[in-house]
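For reference, the structure is listed below as structure tokens.
Atoms within each ligand, like the ligands themselves, are counted from 1 in listed order.
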Amino acid sequence: MPVYSISHVENVRVCVVMVGLPARGKSLISQKIVRYLSWLSIKSRCFNVGSYRREIAKDAVIDAEFFDPLNTEGLHYRQQAIDAAIFDMMKWFTEENGVVGILDATNSTRKRREMILRLCRENHIEPLFLESWCNDKELILQNIADVKTTSPDYIKTPNDIATQDFLKRIEFYETVYETMDTAKDANLTFIKLVNVNSQIVLNRIETYLESRIVYYVMNLHIKPRSIWLSRHGESEFNLTGQIGGDANLSERGWRYAKKLPDLVLKSLGEELKHTNLTVWTSTLKRTQQTASFLPYKKLQWKALDELDAGECDGMTYEEIEERFPDDFKARDDDKYEYRYRGGESYRDIVIRLEPIIMELERQENILIITHQAVLRCLYAYFMNVPQEESPWMSIPLHTLIKLEPRAYSTLVTRIKADIPAVSTYKEKGTSQLGEAKTGELIFKSRDLINNSEEAL
Ligand SMILES: *[C@@H]1O[C@H](CO)[C@@H](O)[C@H](O)[C@H]1NC(C)=O
Ligand SMILES: *[C@@H]1O[C@H](CO)[C@@H](O)[C@H](O)[C@H]1NC(C)=O
Ligand SMILES: *[C@@H]1O[C@H](CO)[C@@H](O)[C@H](O)[C@H]1NC(C)=O
Ligand SMILES: *[C@@H]1O[C@H](CO)[C@@H](O)[C@H](O)[C@H]1NC(C)=O
Ligand SMILES: *[C@@H]1O[C@H](CO)[C@@H](O)[C@H](O)[C@H]1NC(C)=O
């Protein structure tokens, strides 16, 4: 069965070339695009020139002077770093069938852009320049604060010195920097974000894939915020091991619902306890009942409904194994792609969740109460969990998860309600429910962002 994917619709490969001074959020944007496209099964990867430079110039002293355009040693290293990054990217395009490669580099003068442009054209790769232009002092300082607390360049440097050094580094870049310009760069495909998204300039966006990237970056904001995720409380179906349906909460499920407002307050902490969240639920009773004691605004989304088990709705896993043994096995073999008879697969959920992700990117503090399969997909997006693993992640009942997206990592906190519930986790190859030793898989995060560094 052929599987729909945008990259099959158009046979294009795109190289996103980041443009912008340091501390303009380029790495954050690059990482988010990679995470988003990978989540949609579009093979993407980020090539961060800063990490190459750090590797190549291991023994050099990295201070602001290193970035002086008149420092020949610095230039030499930086040239090598960008060459190595481009080399690896081209190799990845050809040998690994990459679809969207992101070149996360700082120094993009017009001359350099021409060089990358030529290389892309020679290799039949569409170049898409993505500039983050910013003169909002507050935003820049906020970015610097993030970079200097996370960048390997500043691990051993006291805070105020790091900030000074970083500002100086930016000044050096400013001396050669050339912004994207609708007149001078009229022939290039580019997106220019002015102060994140207060103004966006688009030029010659041609392919569908490019327009998807445009749409995504248009929805990003970088204000600090948190997202809370919770499954509904234990339901009556979970007691009997049945899947699907629209059951009420069990007695213990109601206890979780009553405790949830406290858990949320606890996770907000004293300082933020008056913060207004918005609660999103599915249209099914168990999520609404779980949300019923929360003193916040609530919205229902059909897209957050549980995976549709089709003909298996209302059955237990044992019944499914008995009545549809082939299906049962097919699902275990490829849980991501397996579609229930007359129902849905994980891939189907990801597709219907896309508008939710887009809206989540736009919003600030949101608490989502939904179902196991849907939560796995949302969690996979935020934590960059690979497709083959996400359907097997264990997300226990009666646990509140808090995600705090930061520039270079997403922090995860889990608060257990300490209210017992049946386990609804099914391991591969069995119809028995229950957390096995592999329960350790729980929340194992593959956070690409954690390994990323600002390209300097
Ligand atoms: C930055 O731009 C200058 C001027 O075009 C160039 O000499 C230098 O090699 C560039 N450095 C990097 C790392 O791209
Ligand atoms: C754009 O391309 C056209 C045709 O190739 C060329 O005549 C023109 O000079 C180019 N414009 C710029 C700004 O490079
Ligand atoms: C828990 O119960 C709900 C129905 O109330 C069902 O949708 C869900 O699939 C159940 N989970 C498991 C894994 O049994
Ligand atoms: C769920 O609870 C409501 C009232 O609380 C009751 O009327 C309804 O019959 C219950 N549904 C099921 C399926 O038990
Ligand atoms: C939260 O919302 C309530 C009611 O809408 C409002 O009275 C309150 O001022 C809001 N609090 C904050 C911190 O915005």
*Does a side chain donor of either Thr283 or Asp305 reach within less than 3.5 Å of an acceptor in the other side chain?*
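Yes, because at least one side-chain N or O of Thr283 sits under 3.5 Å from a partner of the opposite role on Asp305.
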_Under the side-chain hydrogen bond (donor to acceptor under 3.5 Å, both in side chains) test against Arg110, which residue among Asp181, Thr179, Asp185 passes?_
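When Asp181, Thr179, Asp185 are each tested with Arg110, the side-chain hydrogen bond (donor to acceptor under 3.5 Å, both in side chains) holds only for Asp185.
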Please list every donor-acceptor pair under 3.5 Å in which a side-chain atom of residues 67-74 meets a protein atom from a residue at least two apart or in another chain.
unit_1	atom_1	unit_2	atom_2	d
Asp68	OD1	Leu70	N	2.8
Asn71	OD1	Glu73	N	3.0
Asn71	OD1	Gly74	N	2.9
Asn71	ND2	Glu65	O	3.1

*In terms of ring plane angle, is the pair Phe293 and Trp254 parallel, tilted or perpendicular, where the classes change at 30° and 60°?*
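Plane angle over 60°, so perpendicular.
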_Please confirm whether the ring centroid of Tyr338 lies under 6.0 Å from the ring centroid of Tyr336._
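No; Tyr336 has its ring centre 6.0 Å or more from that of Tyr338.
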_Which of the ligand 4 atoms, numbered from 1, are nearer than 4.0 Å to a heavy atom of Glu236_ =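 Those of ligand 4 that fall under 4.0 Å from Glu236 are 14 (O).
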*Let me know which of Leu128, Val214, Val99 forms a side chain to side chain contact (heavy atoms under 4.5 Å, CB included) with Leu209.*
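Among the candidates, only Val99 passes.
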Between ligand 2 and the protein, which N/O pairs are shorter than 3.5 Å?
unit_1	atom_1	unit_2	atom_2	d
ligand 2	2 (O)	Asn187	OD1	3.4
ligand 2	2 (O)	Asn187	ND2	2.2
ligand 2	11 (N)	Asn187	ND2	3.0

